[in-house]
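Model, not experiment: these values are computed from the prediction.
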There are 4 protein chains.
Amino acid sequence: MNCHSYFRIFLGGDIVVKKDKPKYKQIIDAAVIVIAENGYHQAQVSKIAKQAGVADGTIYLYFKNKEDILISVFQEKMGVFVSKLEEIISRDLSAPTKMGLMIESHFELLAGDTHLAIVTQLELRQSNHEIRLKINNVLREYLKLMDEILVKGIEDGEFDRTMDIRLARQMVFGTMDETITTWVMNDHKYDLVELAPQVQRLLLKGMQA
Amino acid sequence: MNCHSYFRIFLGGDIVVKKDKPKYKQIIDAAVIVIAENGYHQAQVSKIAKQAGVADGTIYLYFKNKEDILISVFQEKMGVFVSKLEEIISRDLSAPTKMGLMIESHFELLAGDTHLAIVTQLELRQSNHEIRLKINNVLREYLKLMDEILVKGIEDGEFDRTMDIRLARQMVFGTMDETITTWVMNDHKYDLVELAPQVQRLLLKGMQA
Amino acid sequence: MNCHSYFRIFLGGDIVVKKDKPKYKQIIDAAVIVIAENGYHQAQVSKIAKQAGVADGTIYLYFKNKEDILISVFQEKMGVFVSKLEEIISRDLSAPTKMGLMIESHFELLAGDTHLAIVTQLELRQSNHEIRLKINNVLREYLKLMDEILVKGIEDGEFDRTMDIRLARQMVFGTMDETITTWVMNDHKYDLVELAPQVQRLLLKGMQA
Amino acid sequence: MNCHSYFRIFLGGDIVVKKDKPKYKQIIDAAVIVIAENGYHQAQVSKIAKQAGVADGTIYLYFKNKEDILISVFQEKMGVFVSKLEEIISRDLSAPTKMGLMIESHFELLAGDTHLAIVTQLELRQSNHEIRLKINNVLREYLKLMDEILVKGIEDGEFDRTMDIRLARQMVFGTMDETITTWVMNDHKYDLVELAPQVQRLLLKGMQA
DNA sequence: AATGAATGAGTTTTCATTCAT
DNA sequence: AATGAATGAAAACTCATTCAT
């Protein structure tokens with residue numbers, strides 16, 4: 001039994017290996033579309049199955065239950081944000097530059113997929129306590145990467161050494177989140193990415209040494 | 001018939017005048033407690049009635065339907081925030097000071113009523129589109145007052161005249177919201193009000209001229 | 001204790017004496033209007049009270065319960081039909097003539113009060129079994145008078161002596177009822193009374209000796 | 001895809017094709033029994049499901065809602081009356097004979113299914129306006145066939161050419177309906193079919209040339 | 001006599017999940 | 001692996017009636 005099979009068992013048995021199969025992603029994508037177009041509370045499993053072109057029962061071969069679909073949607077999509085941010089952090093850039101790139105890339109990813117933006121900013125937040133706790137666990141990975149940038153900025157003397165890192169991160173994330181949500185609630189009628197530089201400037205000025 | 005009674009009739013018939021009756025507030029307060037303790041989706045009308053010490057049917061003498069209860073909860077409670085902010089704005093203080101007082105008072109109000117904090121930060125966000133739109137209309141009044149402070153700060157030359165007011169407001173509100181939500185999700189295990197000065201400092205530095 | 005007080009006790013205590021008071025008829029008339037305009041299932045006691053210009057509770061000073069209102073409506077209104085028919089029967093006329101006058105007078109009474117026509121032909125029939133049984137008891141008095149005409153017609157040799165009186169009466173009543181109901185369902189858009197002579201002719205021909 | 005399957009899709013999607021499945025008729029029959037035995041207002045969906053031997057939810061795989069069950073009951077059962085009448089009309093008989101057969105067959109069908117007689121004569125009439133309008137639409141087909149007999153009778157010189165066809169039909173239907181309802185309200189304690197010849201004689205005499 | 005605020009019982013429908021095929 | 005018919009639990013709202021004033 002190797003490292004992988006250990007994780008397979010740990011993470012929920014034989015379902016994990018199915019993440020590679022085409023129908024897994026098919027269902028995830030169907031869920032995003034159905035939730036975005038019908039709203040969280042009108043996104044029945046049967047609708048997702050229909051959109052994915054599979055039978056209702058088939059869903060349960062790939063996901064434990066409906067909650068599992070929703071969390072997986074967030075996990076899979078958030079993975080792209082994490083990868084992108086990891087790539088930015090790995091580059092040899094100053095912390096403020098990294099922060100700026102993060103904001104820009106975060107905005108770009110959501111501006112490029114309005115269905116996803118609706119789902120993450122509005123619909124998924126209607127889910128119950130339990131699901132939101134699990135979603136927050138997924139989000140935590142992303143927030144940790146943000147913290148890395150902040151720590152580096154302080155170490156490099158570019159960010160205010162007296163600021164509370166947790167609060168700073170809450171400001172950065174809260175501001176981005178509010179900006180994006182407002183954009184989504186206004187039906188994406190203006191260009192989100194264009195706002196990135198001004199958001200950067202406001203945030204970086206607040207944090208600078 | 002004076003001006004007020006005219007408006008009472010104009011604004012929606014029989015139910016409006018009942019806002020003054022004791023059972024109206026009794027039910028609102030019961031709703032906050034039941035939602036906070038049971039979660040949005042487990043806050044049945046019968047539970048709220050029981051907590052309020054009235055019969056199920058009595059609820060419908062004071063509220064059109066369940067949705068009306070939820071919106072009224074937000075309206076009534078948000079009213080306190082708005083009054084407080086109006087009072088702060090009316091004082092002869094600098095914009096940064098007003099901003100600081102606003103943050104402090106916002107934190108204080110929620111720290112002083114953890115049930116309400118749970119309801120506004122977590123539970124009420126699980127409501128459907130329609131209810132959230134109505135809640136946002138109520139919130140808008142509060143955001144407009146925030147804008148007044150920002151405008152005054154710019155006019156007085158205390159805030160950066162080149163910043164976008166809407167973005168600045170989204171930063172302020174987003175940061176406060178994220179800070180409070182994190183505090184609620186951590187079961188209020190630290191002192192929210194103590195964080196206010198640091199939050200102020202971060203935000204004001206970002207906006208200063 | 002005289003004959004009247006006997007009936008008072010027998011028929012339901014002190015409510016009977018209230019039939020003479022103005023509010024009794026006021027409520028009966030309100031019920032007819034409310035039922036005709038809102039439909040049987042939308043004729044709530046509170047609506048009837050409002051239409052009658054009394055408080056909900058007042059209804060219960062004059063009627064035992066809602067069912068009692070409905071039966072009383074039928075009773076009071078049917079009384080007019082019975083009186084009219086009694087008057088016709090008392091006259092010195094042939095059975096076919098009496099039958100013709102009955103049909104004409106029945107049509108006239110309903111054509112002159114379309115609210116009442118809607119209530120008796122459509123709405124009151126939506127009432128439950130129990131109420132309809134009681135309504136039928138009231139109706140029976142009217143049907144008995146019809147039978148008197150039929151018996152006289154047979155005795156006088158004007159009606160077919162071999163016909164079953166009960167069936168003949170069911171034909172007469174069924175035909176009138178169906179004719180009137182069709183007229184009501186067509187929104188009274190043609191003149192009901194004008195149809196009376198043809199209805200008479202059809203029915204009398206069927207019954208003639 | 002033949003003509004029929006085209007119409008199936010056109011006429012209302014998935015549910016129409018289910019009319020052929022055994023559970024559809026099972027539920028219809030259960031509804032008749034439950035309504036006859038419990039009364040219209042005590043015929044809960046759960047009772048019908050139990051009687052049909054299916055789960056409550058299964059009902060909704062075959063019917064849009066409760067109203068749809070009730071209308072379908074009338075439609076399916078009335079279909080038998082219509083077919084029978086069509087068969088009678090298609091035969092090479094005189095109009096009076098056809099009329100007689102119609103009355104006889106109508107009485108026989110209801111005398112042979114007292115549950116159905118209770119449902120159509122008493123219980124279904126308690127339904128609300130909307131349902132009754134839909135029921136009347138179904139009934140109209142039957143009444144049109146009656147008219148055909150009347151028209152033929154007049155053309156053949158067997159029925160009075162001066163009579164109003166609509167009134168004659170109202171007499172025929174009203175008489176049959178009243179006769180059957182009286183029989184049902186008397187708990188079927190006498191033989192309905194035995195009455196048919198006398199009803200025929202009365203009606204035909206009224207209409208004859 | 002009159003009021004009207006308060007009561008609380010009762011039912012349709014949805015939809016996540018299962019399991020025989 | 002895939003299907004989809006069947007399941008059954010769960011909750012908002014109405015309105016006839018009461019009774020303290």
Problem set entry | Name of the residue among C:Glu123, C:Lys77, C:Gln51 meeting side-chain contact (heavy atoms from CB on, under 4.5 Å) with C:Val32 | C:Lys77
Take the protein atom [atom1] of [X] and the nucleotide atom [atom2] of [N], then report the distance between them rounded to whole Å.
X: A:Tyr40; N: E:dC15; atom1: OH; atom2: P; result: 13 Å
X: A:Asp68; N: E:dA16; atom1: CG; atom2: P; result: 14 Å
X: D:Leu61; N: F:dT3; atom1: CG; atom2: P; result: 18 Å
X: A:Lys64; N: E:dT18; atom1: NZ; atom2: C1'; result: 17 Å
X: B:Ile69; N: F:dC13; atom1: CD1; atom2: C1'; result: 11 Å
X: C:Ile131; N: F:dA16; atom1: CD1; atom2: C1'; result: 12 Å
X: B:Tyr24; N: E:dA6; atom1: OH; atom2: P; result: 15 Å
X: A:Ile27; N: F:dA2; atom1: CD1; atom2: P; result: 9 Å

Exercise. Phosphate oxygens OP1/OP2 of F:dA2: is one of them under 4.0 Å from a side-chain N or O of A:Tyr62?
Worked result: yes
For this session: Both distances under 3.5 Å, Watson-Crick or G-U wobble: report the partner of F:dT17, or none.
Result: E:dA6
Exercise. For F:dA1, which nucleotide in any strand shown is its Watson-Crick or wobble partner with both distances under 3.5 Å?
Worked result: none
Exercise. At what distance, to the nearest 0.5 angstrom, does CD1 of D:Ile27 lie from CD1 of D:Ile48?
Worked result: 9.0 Å
Problem set entry | Nearest-0.5 Å distance that lies between atom CG in C:Asp68 and atom OH in C:Tyr60 | 10.0 Å
Exercise. On DNA chain F, nearest-nucleotide positions of C:Glu67 versus B:His41: which is more 5'?
Worked result: B:His41
Seminar exercise, completed: By nearest-nucleotide position on DNA chain F, the 5'-leaning member of D:Thr58 and B:Gln42 is D:Thr58
For this session: Ignoring the backbone of D:Lys66, work out which of F:dA6, E:dT13, E:dT3 is nearest its side chain.
Result: E:dT13
For this session: Could you say whether B:Lys23 or D:Val45 is positioned toward the 5' end of DNA chain E, judged by the nucleotide with the nearest heavy atom to each?
Result: B:Lys23
Problem set entry | DNA chain E: 5'-proximal contact among B:Ile59 and D:Gln44 (nearest heavy atom) | B:Ile59
Exercise. Any side-chain heavy atom of B:Leu122 sitting closer than 4.5 Å to one from A:Arg132?
Worked result: yes
Exercise. Can you check whether C:Asn128 reaches D:Tyr40 side chain to side chain, under 4.5 Å on heavy atoms?
Worked result: no
Exercise. Listed by chain and number, what are the ring-ring contact (aromatic ring centres under 6.0 Å, His included) partners of D:His41, not counting sequence neighbours?
Worked result: C:His41
Problem set entry | Sequence-distant partners of C:His129, ring-ring contact (aromatic ring centres under 6.0 Å, His included), two or more places apart | none
For this session: Name every residue in residues 47-56 of chain B that has at least one heavy atom under 4.0 Å from any atom of DNA chain F, in order of residue number, or write none if there are no such residues.
Result: B:Asp56
Which pairs, protein N/O on one side and nucleotides 19-21 of chain F N/O on the other, fall under 3.5 Å?
none

For this session: Can you sort out the partners of C:Glu76 under side chain to side chain contact (heavy atoms under 4.5 Å, CB included), two or more places apart, ordered by chain and number?
Result: C:Lys19, C:Tyr24, C:Lys25, C:Ile28
Problem set entry | Partner residues of C:Glu67 under the side chain to side chain contact (heavy atoms under 4.5 Å, CB included) criterion, sequence neighbours left out | C:Asn65, C:Ile71, C:Glu130, C:Ile131, C:Lys134
Seminar exercise, completed: In short, D:Val119 meets D:Ala36 closest at the heavy-atom pair CG2-N, 3.8 Å
